[in-house]
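In this chain, residues are counted from 1 in sequence order. In each ligand, atom 1 is the first atom listed, and ligand 1 is the first ligand listed.
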Amino acid sequence: MASSKSAVSVQEALKIVLTSVSPLGWESISITEAFNRVLYEDIVSDIMIPPLDCSAMDGYALMAKDTRGASANSPIKLKLIGEIQAGALPAGLRVSTGTAIRIMTGAPMPQGADSVLKVEDALEESGHVTIYRETAQRENYRSAGENIQKGDNVLRRGDRLSSADIGILASLNHHKVKAYRQPTVSIISTGDELAGLGQEVRTGQIRDVNAYALYSEIKKYNGLPEYLGIAKDTFNDTKNLFLKALHSDVVISTGGSAMGRYDFINEIYADLDIELLFKWVKVKPGKPCIFGKKGDKLFFGLPGNPVASLTAFIQFVRPALLRLMGAQRVNKPVINACLKDTVRRKPSEKVHLLRGYFTIENNEFYVTTTGDQKSSIFRSMSQANCLIVFPENTAQITAGEKVAIQLLAHDEIL
Ligand code: AMP
Ligand code: MG
């Protein structure tokens with residue numbers, strides 16, 4: 001494990017975070033609450049879907065061999081002997097040579113029939129159906145179990161449930177499902193300069209931005225956020241809020257993570273016996289980024305700067321929350337995009353995560369930066385829809401070259 005004294009790379013930091021996470025336990029939840037939750041159990045079907053052979057079309061159940069030679073010029077007439085609706089049973093109905101049965105989509109196939117001619121290819125009159133084309137065996141025919149077989153492992157532990165997955169659960173009559181528990185996450189803001197919403201602002205004070213940006217980000221990944229308020233820049237005030245946070249699975253503080261005179265987070269970790277696993281990451285923005293662990297509880301001391309705290313959340317807290325919730329795939333989706341304007345940075349050992357805006361033109365991804373990259377300019381984060389990964393030791397990426405971008409939304413493709 002990397003030394004807690006020196007700065008670690010983003011990859012090293014992510015590895016340290018992920019090896020520190022033990023997935024939480026499970027709870028039983030209604031499938032109406034299960035979207036995006038992570039399955040704790042394998043789902044094995046105890047039925048076949050469809051349960052019976054059935055028709056894929058509104059039409060006529062018949063024997064394919066009876067249609068041989070049928071065409072517009074030489075139609076064939078079959079005797080209509082009944083009808084089967086979806087949801088009905090073909091009670092005693094049986095197709096034999098020269099006969100057909102009117103059938104609806106999803107209705108069970110009657111005995112004797114091996115094919116369905118769709119209604120548009122036939123003409124029905126006075127107890128007969130006239131057929132204008134041949135049908136093949138098993139045409140417009142759904143076989144029992146072709147969707148799901150009994151014993152199929154349709155969903156697996158660790159799957160994040162999509163709407164289609166929830167449809168599958170419904171098809172198997174699962175009202176409830178075992179899902180990984182949602183992590184509880186306490187948020188602590190620090191800084192004498194911060195005023196809470198609605199509070200009076202003294203000259204020089206600013207509003208607490210981080211708590212709200214992170215609150216919504218936690219909810220986005222199905223965590224359960226709790227905002228504990230603003231700690232003044234004193235050891236005791238900060239420690240008091242930490243003590244209130246200790247019931248949570250994850251504690252996030254923002255600010256006070258650097259080495260300034262009023263930065264207490266490192267000291268608090270030492271005081272509370274939180275094992276410090278790293279405190280600097282080679283990334284810009286967001287170098288002072290602390291991570292620690294006590295028992296199964298995770299502690300993130302994110303930078304105070306709103307751009308940096310959100311960027312650090314995306315890199316480290318997001319994957320931790322997903323892993324706590326049992327998700328297998330936790331990496332941020334990254335795609336290549338064509339850079340529209342040349343970007344230059346002072347080469348350094350840090351990866352730069354630039355706020356970018358991607359567009360899709362002729363099915364290709366393009367990206368530009370959202371202007372000034374000073375980490376104090378939070379507005380450019382709100383204008384961004386991606387982060388551009390500008391690698392370490394790089395001076396320039398020229399317009400037209402490909403760059404990796406992390407999408408800020410669209411996580412549902414995970
Ligand atoms: P710090 O790391 O505590 O020195 O904070 C770095 C910068 O981020 C300072 O300019 C702080 O005013 C600012 N900052 C810290 N916490 C917040 C917050 N919760 N909301 C908005 N800005 C903050
Ligand atoms: Mg501060």
Show which atoms of ligand 1 fall inside a sub-4.0 Å distance from at least one heavy-atom site of [X].
{"X": "Asp208", "result": "18 (C), 19 (N), 20 (N)"}
{"X": "Arg207", "result": "20 (N), 21 (C)"}
{"X": "Pro306", "result": "21 (C), 22 (N)"}

Protein contact to [atom] [nearest heavy atom, distance to 0.1 Å]:
{"atom": "atom 20 (N) of ligand 1", "answer": "Val209 N, 2.9 Å"}
{"atom": "atom 4 (O) of ligand 1", "answer": "Asp263 OD1, 4.2 Å"}
{"atom": "atom 10 (O) of ligand 1", "answer": "Glu193 OE2, 4.8 Å"}
{"atom": "atom 7 (C) of ligand 1", "answer": "Asn305 N, 3.8 Å"}
{"atom": "atom 17 (C) of ligand 1", "answer": "Asn210 ND2, 3.3 Å"}

Regarding Asp121 and Tyr60, is there a side-chain donor-to-acceptor distance under 3.5 Å anywhere? no

Do the side-chain N and O atoms of Arg94 and Thr99 include a donor-acceptor pair separated by under 3.5 angstrom? no

Nearest-option assignment for atom 16 (N) of ligand 1, heavy atoms, candidates Ser309, Gly304, Gly256: Gly304

Indicate, as side chain, backbone, both or neither, the part of Leu194 found under 4.0 angstrom from ligand 1 when only non-hydrogen atoms are considered. side chain

Salt bridge Glu41-Lys178, side-chain N to carboxylate O under 4.0 Å: no

State whether Lys239 and Asp271 are salt-bridged, where the test is any N-O pair (Lys NZ or Arg NE/NH1/NH2 against Asp/Glu carboxylate O) under 4.0 Å. yes

Yes or no: does Ala211 have any heavy atom under 4.0 Å from an atom of ligand 1? no

Nearest atoms (heavy-atom pairs only) where Leu14 meets Pro319: CD1-CG, 3.5 Å

Output all residues satisfying side-chain contact (heavy atoms from CB on, under 4.5 Å) with Arg142, sequence neighbours left out; order by chain, then residue number. Pro50, Cys54, Ala56, Thr105, Glu146

So, Tyr227 versus Tyr215, ring centres under 6.0 angstrom or not? no

Atom CD of Gln85 with >12 non-hydrogen neighbours under 6.0 angstrom: no

